[in-house]
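The structure appears below as structure tokens.
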Amino acid sequence: LASTLAAAALPATAEPLPISDIPADFKPSDARKDFTIREVMIPMRDGVKLHVNLVIPNGVKNAPIIFSRTPYSADRAITRLASNTYKLALPVTYAELAEAGYIIAVQDVRGRYRSEGDYVVARPLVGSLNPANTDHSTDTWDSIDWLVKNVPETNGKVGTIGVSYGGFTTLMSLVNPHPALGAAVPINPLVDGWVGDDWFHNGAYRQSFLDWVYRMTADKSSKYALQFDRYDTYESWLRAGSASDMAKQLGIEEFPIFKKAAAHPAYDAYWQGQALDKILAKEPLKVPTLHVHSLWDQEDIYGAPAVYKAMEPKDTANAANYMIIGPWQHGQSNMPSGTKLGAIDFGSNTSAWYRSEVLIPFFDAHLKNDAPKADLAPVTAFETGANVWHRYDRWPMSCASGCPSQSKPIYLQTQGGLGWNAPTVRAAFAEYVADPARPVTYRERPILSTYNPDTSWGRWLVDDQRFAEARPDVVTFVSEVLTEDVRLAGQPIAKFFASTSGTDSDWVVKLIDVYPAEYAPAPELAGYELAISMDILRGRYREDPSKPSAIPANKVVPYEIKLPDVSHRFLKGHRIMVQIQSSWFPLYDRNPQTYVPNIFFAKPEDYKKATQRIHTSAQYPSRIELPVVE
Ligand code: PG9
């Protein structure tokens, strides 16, 4: 019956039905596109070929090339929306640069995606840490050399740009730069993996980056993502134990990049030898550079200001070393909107403003034939709190000595006070019990993995800190309501005195802007505790980052934490707050609070409760040196 019905449905004269609905030789038409993508394989000096996508707007001539090098896929890097016009097809920064007359070139770094060769994470320069004869400096040089000789539409000038890992490769372009390299824009670069960027902060291990390790080194094209057994990864981490226990559980304890971190927990020659601020401090400053820093950079908050400061002494004419500081999360300067971060509103699209008023004029001035000089201040800084841009001729604007303003201590006081006068009481401290079995979380639970599609990881640094204040194992010090604004522009430094009943401890210090108890401009922000600068120190490195030592139990010991740079105004009516705690879990692995040779391999029995005291007396005046601008 079925075959009779089918036969009846066919018209008598029908041509035979095609076997497949997919044509044998379809070629998509590019006729309506206003750009072409040219794919090239560029040979390096050792014969390895690296894949580059060149995005060429129709009709461009004599155009400079903007060159990025990424481990995250050169195909993905040039893809925003499916469109015939580059304005929509390209991610916003590239689209705006293409609109301004640039050719975009994006390369897969050696060993990733469509490039040949071996991948080494953040491959150091050739030398004791890199026995090969190629590195990012040579690969950039060879690529630029090829591009200026083989892209007929170019004027022979190249600018490098990139975010994070791409910021790191951009900084590498400054080491022995190719003569055609006319400008560089490192954005939120990985600079020092131990002091304050992706891998550690002052010796505390950022174990959440096991996500990255898994995704980036399990294979060459990031096919695999870490699977946690819980949506709220807090429980997964707590149950696992140490960072190496977790790595074992995930089957990645033998991954070379994990083993390297576990073998170098201290700031030894391995880390110091690849710290790019130290390296670039020794290089001549040949290429005008615009450092882009995000004030709430959840990944590389150390890098940009550190390299700016390291290169500044070479900039004798004050014409080659520039920095812009924006109110952004990691990479937000490249996002369509920089108007808000989490609950905090900046009153205007700061990312778009940076691109049109700073980035493009900077590249134009250095890469376009006969372009006028850009009217850029050496440092352009957004002042959060006041929501205004400032033009500065230097950075920092306030420090202990040698800056236009001098930093000013704000002291922790008894009874949770905070004030400009040094304490006069003879003995005083705030006490809490830090229990590794109930660590203080870095944000409210649930804590999603960094790559969970629902994650708000990029916003965590602006989370309301009231959840932490409510815990008994966090001590809080807060000022009176401010009767006038307090402006900061530079690096706050926490100098405090503490004791622990254990023999090792972590210390987390947070500098917080407390919004008024009633707040008419945005009632939902009443009482909000906005952290403007915070960081962690692993106590064993208090004296020497390269040589850990046990903390003498129950003795008062001085600590210093250089907190991330701020450009902020505490407005009249707000209060200044400091919180101190001993864990920031699970972003950072837990300190067992018993001194062990290597915390990566701490055993369950090493994790012990400890009684912590933060001293607030005349003898032990704990304080934050604030970079106050008069
Ligand atoms: N912050 C990221 C990273 C760089 C280098 C190593 C590990 C992570 C990034 O966004 O590229």
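Every number for a ligand or one of its atoms is a count from 1 in the order of the listing. Since the structure is predicted, the reported quantities are computational estimates derived from the model, not experimental observations.
Annotation for Tyr231: atom OH counts as buried by contact number, over 12 foreign heavy atoms lying within 6.0 Å.
At the top of the distance list for atom 3 (C) of ligand 1, counting protein heavy atoms only, stands Asp198 OD2, 3.3 Å. Summary of contacts: the protein heavy atom closest to atom 6 (C) of ligand 1 is Trp199 CZ2, 3.4 Å. Counting only heavy atoms of the protein, atom 7 (C) of ligand 1 lies nearest to Trp212 CE2, 3.4 Å.
When heavy-atom distances to ligand 1 are checked against a 4.0 Å cut-off, Tyr165 comes that close through both its backbone and its side chain. At a 4.0 Å heavy-atom cut-off, ligand 1 does not touch Asn188 at all. Within the 4.0 Å heavy-atom criterion, neither part of Met216 lies near ligand 1.
Using a 4.0 Å heavy-atom cutoff, Tyr72 is listed among the residues neighbouring ligand 1.
Close approach of ligand 1 to Asp300 is summarised as follows: ligand atoms under 4.0 Å from at least one heavy atom of the residue are 1 (N). Remark: ligand 1 atoms within the under-4.0 Å shell around heavy atoms of Glu299 are 1 (N), 2 (C), 9 (C), 10 (O). Those atoms of ligand 1 with a heavy atom of Phe209 less than 4.0 angstrom away are 8 (C).
A donor-acceptor pair shorter than 3.5 Å cannot be found between the side chains of Lys278 and Gln272. Defined by atom type and a distance below 3.5 Å, a donor-acceptor pair is present between the side-chain atoms of Thr93 and Asn334. With 3.5 Å as the limit, one finds a donor-acceptor pair spanning the side chains of Thr350 and Trp328.
Comparing Gly303, Gly167, Gly166, Ser164 by heavy-atom distance to atom 2 (C) of ligand 1, the nearest is Ser164.
The aromatic ring centres of Trp353 and Trp389 sit less than 6.0 Å apart. Aromatic rings of Tyr442 and Phe585 (six-membered ring for Trp) have centroids beyond the 6.0 Å cut-off, not under it.
Tyr119 does not carry Arg110 over the face of its six-membered ring by the limits of under 6.0 Å from the centre and within 45° of the normal.
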Point to revise | Arg69 vs Thr160, side-chain hydrogen bond (donor to acceptor under 3.5 Å, both in side chains): CA-CA, chis, key distance, verdict | key: CA-CA 8 Å; Arg69 305 183 59 254; Thr160 46; over 6 Å; no

